[in-house]
Amino acid sequence: MHDLVRVMTLKICEGKYMVRAGDWSLKEIPKEAEWAKDLEKVSFMKSGITRIEDGMSPDCPKLSTLLLRDNVYLVFIPDSFFSKMQGLCTLDLCCTDITMLPNPICSVKSLKALLLEWCEYLENVPYLGEIKELRELNLSNTTIKEVPQGVGELFNLKFLAMNARKLKMLPRRLFHKLGNLQHLELPLHIEVEVEEIKSLKLLEEFIERVENMKDLKSLITSWGSRVRDTCYTIRVGSYGGYIFNKREGICHNKELFLLEYNLKDERVLAEGIVQQCEGLGICFVDGLKRLRIERCEGIEYILRSEAGLSSQISALEEIKLYELDDMKGLIEKEEIGASAVLPQPVFSSLTQLVINKCNRIKIPLSGVPNLKAILISHCWNIEEIFETSSLTLPKLKYLMLHELPSLRKVGILLYGVPNLELINIRECKEVEEIFEDEGTSSLTLPKLKRLKLKDLPKLKSLCKGTTIICNSIEAIFIKECPRLMNKPPVVVDFGCASTMSDKGEPRIVEIIEVG
């Protein structure tokens with residue numbers, strides 16, 4: 001909001017609104033005399049408040065919204081503070097350092113939203129069962145060790161977040177009376193009772209861990225046709241102390257993580273999800289955005305070419321595969337023939353591909369027009385990345401290939417990567433060229449900024465017979481590439497405008513090490 005518009009708005013609402021948001025000079029809550037009796041909304045968010053005077057009790061019976069979030073030095077709120085705010089509907093104390101919630105707030109029967117996320121020192125929350133109108137309760141990233149008493153009685157709750165790292169257990173039948181829940185976020189170190197989650201018929205957003213694929217399939221089946229509209233982050237298998245950071249807008253995604261779980265009965269992942277789900281597994285696969293599989297035995301492929309699921313899995317944007325000893329490839333194809341050809345690009349939405357320590361995997365990839373980042377490392381059997389020599393990746397920005405001892409071919413046309421910013425290739429002993437040649441004597445990589453080549457004994461050039469012009473290059477690192485010593489891998493046209501700094505001087509290219 002423009003400052004002038006904001007000032008005018010606050011002037012119009014004077015007497016009903018009190019706003020001191022972002023005022024770091026504000027060290028204490030304003031005195032009681034400054035709190036008008038007709039106040040409806042108050043915001044001190046992102047201010048410098050460190051204390052609220054003991055015994056303070058503003059008389060604001062019409063106050064509906066109080067925002068104190070991001071007062072990172074606020075450690076204590078006296079019981080008296082909320083005693084005359086019986087009309088309060090929204091209380092936001094997120095990102096404060098309070099250690100306990102004042103008891104009187106739990107008797108404010110009008111309260112609809114109680115937001116306490118990232119109150120990292122909050123251990124004690126009193127009985128909440130009296131706040132029957134509560135619709136939203138956020139206790140994620142607090143230090144509570146048990147579910148506050150009375151949560152199971154809040155039958156109007158629509159949003160419940162309790163992703164707290166010290167939470168020890170979930171009481172049985174906790175969700176029995178919470179049939180109105182639409183958003184549920186639980187800690188990943190606690191396995192959820194799938195039967196309880198299945199009873200939540202209005203659930204739209206779900207973040208949790210289940211024990212095995214059987215539970216996952218059971219959950220999918222219970223969602224019925226709602227599975228298409230349900231957003232989720234589900235982890236299957238071990239917790240293992242691994243932390244996946246919650247992304248902003250996470251519940252607009254569909255994310256599946258598999259960690260340290262034996263998938264021998266799900267040799268082809270997408271097919272395994274679909275089986276025994278009465279067709280609903282297809283809906284589950286349809287729309288999946290992020291897939292991460294780590295340390296899982298038995299899985300060999302994500303998809304079978306003839307399984308008929310290629311269009312359903314085409315929404316995948318990220319694939320991350322770590323330490324999968326049995327993984328052979330992304331797609332299992334039939335023997336060469338017409339039936340082995342996929343009717344359309346399978347991973348047409350894929351933007352990020354990460355593969356690490358999958359020693360049996362042999363990619364090669366095709367049909368990834370939106371790919372932006374490739375990171376493949378420590379895979380002993382990969383001989384080629386892309387199965388065609390005429391591939392263009394117009395959105396590719398980052399190409400990182402590390403310790404691929406069998407790699408001979410990357411398979412990308414040089415002119416097909418106009419947005420490439422980083423090339424980082426090391427310890428690929430067999431590779432001779434990075435890019436494919438179309439017979440052009442010179443081509444430009446207009447956005448390339450960093451080039452790092454290390455321990456590539458057979459590398460002759462980035463692209464055979466082609467001079468590569470990089471006028472945006474900022475740093476070059478070349479080491480243990482003996483066949484590159486006679487010819488630089490890229491050249492810079494210092495007469496070009498893009499090589500000039502803002503002051504009209506030539507941009508300095510940092511050659512980190514050559515040898």
Colleague: Would you mind checking if Glu28 and Arg51 are paired as a salt bridge, meaning a charged N to carboxylate O distance below 4.0 Å?
Modeller: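 Judged by the 4.0 Å cut-off on N to carboxylate O distance, Arg51 and Glu28 do form a salt bridge.
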
Colleague: Which atoms form the tightest heavy-atom contact between Leu174 and Val151, and what is the distance?
Modeller: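 Closest approach of Leu174 to Val151, heavy atoms only: CD1-CG1, 4.4 Å.
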
Colleague: What are the two closest non-hydrogen atoms of Arg173 and His176, and how far apart are they?
Modeller: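 Of all heavy-atom pairs spanning Arg173 and His176, the closest is NH2-CE1, 2.9 Å.
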
Colleague: Report the relative orientation of the aromatic rings in His183 and Phe159; use parallel for angles under 30°, tilted for 30 to 60°, perpendicular for over 60°.
Modeller: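 Parallel.
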
Colleague: Between Leu375 and His402, is there a side-chain heavy-atom distance shorter than 4.5 Å?
Modeller: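 His402 vs Leu375: side chains touch.
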
Colleague: Which distance, rounded to the nearest 0.5 Å, do you find between the CD1 of Ile355 and the CD1 of Ile319?
Modeller: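 It is 8.0 Å, given to the nearest 0.5 Å.
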
Colleague: Might you point out which heavy atoms bring Lys395 and Asn370 nearest each other, and give the distance in Å?
Modeller: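 Looks like NZ-OD1, 2.7 Å.
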
Colleague: Are Val75 and Tyr121 side-chain neighbours, meaning at least one heavy-atom pair lies under 4.5 Å?
Modeller: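 Of all side-chain heavy-atom pairs linking Tyr121 with Val75, none is under 4.5 Å.
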
Colleague: So which atom in Leu448 and which in Cys470 form the shortest heavy-atom distance, rounded to 0.1 Å?
Modeller: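 Distance-wise, the nearest heavy atoms are CD2-SG, 3.6 Å.
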
Colleague: State plainly whether the residues Arg426 and Asp455 are in salt-bridge range, i.e. N to O under 4.0 Å.
Modeller: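 So Arg426 does not pair with Asp455 through a salt bridge.
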
Colleague: Does any non-hydrogen side-chain atom of Tyr398 lie less than 4.5 Å from one of Gln352?
Modeller: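 No - every pair of side-chain heavy atoms lies 4.5 Å or more apart.
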
Colleague: Quick test of your reading of the model: are Lys289 and Glu318 salt-bridged, counting only N-O distances below 4.0 Å?
Modeller: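 No, Lys289 and Glu318 are not salt-bridged.
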
Colleague: Please output the side-chain donor-acceptor pairs of residues 52-60 that fall under 3.5 Å, not counting sequence neighbours, one pair per line with the distance.
Modeller:
residue	atom	partner	partner atom	Å
Glu53	OE1	Lys31	NZ	3.4
Ser57	OG	Ser80	O	3.2
Ser57	OG	Ser83	OG	2.7

Colleague: For Ser377 and Asn356, which I'm curious about, is there any donor-acceptor pair between the side chains at under 3.5 Å?
Modeller: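 Short answer, yes.
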
Colleague: Rounded to the nearest 0.5 Å, how far apart are CG of Asn163 and CD1 of Ile190?
Modeller: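 With rounding to 0.5 Å, CG (Asn163) is 9.5 Å from CD1 (Ile190).
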
Colleague: Report the C-alpha distance between Glu474 and Arg450 in whole Å, list the side-chain angles of each, state the deciding distance to 0.1 Å, and finish with yes or no for salt bridge (Lys or Arg N to Asp or Glu O under 4.0 Å).
Modeller: CA-CA 6 Å; Glu474 296 175 357; Arg450 300 184 68 84; 5.4 Å; no

Colleague: Hey, mind stepping through Leu114 and Leu101 against side chain to side chain contact (heavy atoms under 4.5 Å, CB included) and telling me if it holds?
Modeller: CA-CA 11 Å; Leu114 180 57; Leu101 192 66; 4.0 Å; yes

Colleague: When His378 is tested against each of Glu323, Lys357, Glu427 for side-chain contact (heavy atoms from CB on, under 4.5 Å), which residue passes?
Modeller: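 Only match with His378 under side-chain contact (heavy atoms from CB on, under 4.5 Å): Lys357.
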
Colleague: Got more than 12 heavy atoms from elsewhere within 6.0 Å of CD, Glu193?
Modeller: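 Incorrect, the count does not exceed 12.
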
Colleague: Just verifying a value: how many Å separate Met85 CE and Leu91 CG, rounded to the nearest 0.5 Å?
Modeller: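 So the CE of Met85 and the CG of Leu91 are separated by 9.0 Å.
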
Colleague: Output side-chain donor-acceptor pairs under 3.5 Å for residues 123-137, partner residues at least two apart or in another chain, one line each.
Modeller:
residue	atom	partner	partner atom	Å
Tyr127	OH	Glu153	OE1	2.8
Tyr127	OH	Glu153	OE2	3.4
Lys132	NZ	Gly129	O	3.0
Glu133	OE1	Arg135	NH1	3.2
Arg135	NH1	Glu133	O	2.6

Colleague: Minimum heavy-atom separation for Leu353 and Leu330, please, with both atom names.
Modeller: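 Reported closest heavy-atom pair: CD1-CD1, 4.5 Å.
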
Colleague: Side chain to side chain contact (heavy atoms under 4.5 Å, CB included), that's the test. Do Leu202 and Asn180 meet it? Break it down for me.
Modeller: CA-CA 6 Å; Leu202 301 179; Asn180 288 310; 3.8 Å; yes

Colleague: Going through the distances and angles, do Phe257 and Lys320 end up as a side chain to side chain contact (heavy atoms under 4.5 Å, CB included)?
Modeller: CA-CA 9 Å; Phe257 303 138; Lys320 296 183 178 181; over 6 Å; no

Colleague: Cationic tip of Lys452 within the cone over Phe477's six-membered ring, i.e. under 6.0 Å and within 45° of the normal?
Modeller: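 Yes, Lys452 sits over the ring of Phe477.
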
Colleague: Any chance you could lay out the side chain to side chain contact (heavy atoms under 4.5 Å, CB included) test for Glu204 and Thr230, step after step, and finish with the verdict?
Modeller: CA-CA 5 Å; Glu204 298 174 356; Thr230 302; 5.7 Å; no

Colleague: Kindly determine whether Lys447 and Glu421 satisfy salt bridge (Lys or Arg N to Asp or Glu O under 4.0 Å), including the steps that lead there.
Modeller: CA-CA 5 Å; Lys447 296 186 178 181; Glu421 296 179 8; over 6 Å; no

Colleague: Might you point out which heavy atoms bring Leu63 and Lys41 nearest each other, and give the distance in Å?
Modeller: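 Closest approach of Leu63 to Lys41: CD1-N, 3.7 Å.
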
